[in-house]
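Heads up: the structure comes next, in structure tokens.
Because only heavy atoms are used, hydrogens play no part in the values below, and waters and symmetry mates are left out as well, while side chains stay in.
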Amino acid sequence: MTQKHHSHESQGAPAARSDRGRRLARATLAATTVVGLGITGAGVAQAGQAGATTGAPTCAVSGLKASFGKGLAGGMNHQGVVIKLKNTSAHACLLRGYPGLGLEDSAHRTLPSTTHWGDTWYAKSPAKATLTLGTGQSVEAVMAWTHANTGTSDAVHAAYLEVTPPAATSHKTLKFPQWVDHGDLRVTALAYRIPVED
């Protein structure tokens with residue numbers, strides 16, 4: 001191929017000029033393409049940086065209101081409730097993952113309990129996702145427990161439920177006068193809405 005290329009160039013000045021012109025045109029086109037790609041890449045990078053700098057902070061506990069939504073009853077001594085977290089701050093914020101749960105007695109003393117993250121009797125847990133809450137917007141999780149025989153030795157009699165938002169070190173407290181077998185609570189990840197079976 002190299003020999004053929006050289007013999008083509010040696011056919012005369014017009015052919016050589018024509019070949020050099022084509023190579024020059026290709027080089028110019030390639031340079032223009034590289035510059036164009038550079039500009040496009042810079043635009044994408046700037047847009048990405050702008051998105052990163054405008055990211056909302058994690059929701060602060062002080063800017064959230066916890067409440068109970070729909071109560072869920074079922075067979076085999078199962079019971080559940082939808083837990084809601086509402087953004088009451090003046091700006092958007094983010095939540096991701098599972099809420100922490102705990103039980104308290106009537107004097108707000110901590111009771112023995114264990115929280116299991118994942119599917120519950122009433123709902124499949126959605127995948128963990130970063131949720132953006134605008135002012136006044138809510139997300140929810142579905143909590144479930146059992147109460148085989150109220151007052152038995154393996155049941156915990158609660159008066160309040162502690163709800164700790166993801167990534168937080170403090171909690172909200174809700175009235176929760178319930179018997180909970182072994183203090184075992186199950187809860188899904190947070191989502192904007194979770195379909196339930198009751």
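In this structure the side chain of L185 reaches within 4.5 angstrom of the side chain of L161, judged on heavy atoms. Taking 4.5 Å as the limit, some side-chain heavy atom of E104 sits within range of a side-chain heavy atom of H171. M143 has its side chain out of reach of T120: every pair of non-hydrogen atoms, C-beta onward, lies at least 4.5 Å apart. Residues K84 and S67 are in side-chain contact: their nearest non-hydrogen atoms beyond the backbone lie under 4.5 Å apart.
Taking NE2 of H108 as the reference point, atom CD of E162 lies at 10.0 Å (rounded to 0.5 Å). Considering CD of E140 and NZ of K86, their distance stands at 14.0 Å, rounded to 0.5 Å. Note: L94 CG to C59 SG = 6.5 Å, rounded to the nearest 0.5 Å. With rounding to the nearest 0.5 Å, the separation of CG in N77 from CH2 in W179 is 14.0 Å. Note that CZ of R186 is 10.0 Å distant from OG1 of T114, once rounded to the nearest 0.5 Å. The CD1 atom of I83 sits 13.0 Å away from atom OG of S138, with the distance rounded to the nearest 0.5 Å.
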Legend entry - Worked check of side chain to side chain contact (heavy atoms under 4.5 Å, CB included) between M76 and W121: CA-CA 10 Å; M76 299 176 64; W121 175 263; 3.8 Å; yes
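Residues Y98 and V61 fall into different hydrophobic clusters, defined by Ile, Leu, Val, Met, Phe, Trp and Tyr side chains chained together at heavy-atom separations under 4.5 Å. Put simply, V180 and L111 are part of the same group of oily side chains (I, L, V, M, F, W, Y) that touch within less than 4.5 Å, one to the next. In the hydrophobic cluster analysis, where Ile, Leu, Val, Met, Phe, Trp and Tyr join through side-chain heavy atoms closer than 4.5 angstrom, L103 is grouped together with L174. The same ILVMFWY cluster, assembled from side-chain heavy atoms under 4.5 Å apart, contains both F68 and L85.
A pairwise comparison of heavy atoms in H91 and P57 identifies CE1-CG, 3.9 Å as the closest pair. S170 approaches T164 most closely through the heavy-atom pair O-CG2, 3.4 Å. In terms of heavy atoms, A56 sits closest to A92 at CB-O, 3.6 Å. Contact detail for A167 and T58: the closest heavy-atom pair is CB-CG2, 4.2 Å.
A donor-acceptor distance shorter than 3.5 angstrom exists from the side chain of W117 to the backbone of P99, with no hydrogens or angles considered. Remark: side-chain polar atoms of D105 are not paired, donor with acceptor, to backbone N or O of A158 under 3.5 angstrom. A side-chain donor-acceptor contact under 3.5 Å links K172 to the backbone of L64. Checking side-chain atoms of T115 against main-chain N and O of G100 turns up no donor-acceptor pair under 3.5 Å. Side chain of D119 to main chain of S125: a donor-acceptor pair is present (N/O by atom type, distance under 3.5 Å, no hydrogens or angles). No donor-acceptor pair under 3.5 Å is formed between the side chain of Y160 and the backbone N or O of R109. A distance-only check finds no donor-acceptor pair linking the side chain of N87 to the backbone of Q137 [under 3.5 Å].
Side chains of Q79 and H147: a donor on one and an acceptor on the other come within 3.5 Å. Looking at D181 and T146, their side chains do bring a donor and an acceptor atom within 3.5 Å of each other.
Between Y122 and H78, the ring planes lie perpendicular to each other; the angle is over 60°, past the 30° to 60° tilted range.
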Identify each donor-acceptor pair in which a side-chain atom of residues 187-194 lies under 3.5 Å from a protein atom, sequence neighbours left out, and give them as a table.
residue	atom	partner	partner atom	Å
T188	OG1	V142	N	3.0
Y192	OH	T132	N	2.9
Y192	OH	T132	O	3.1

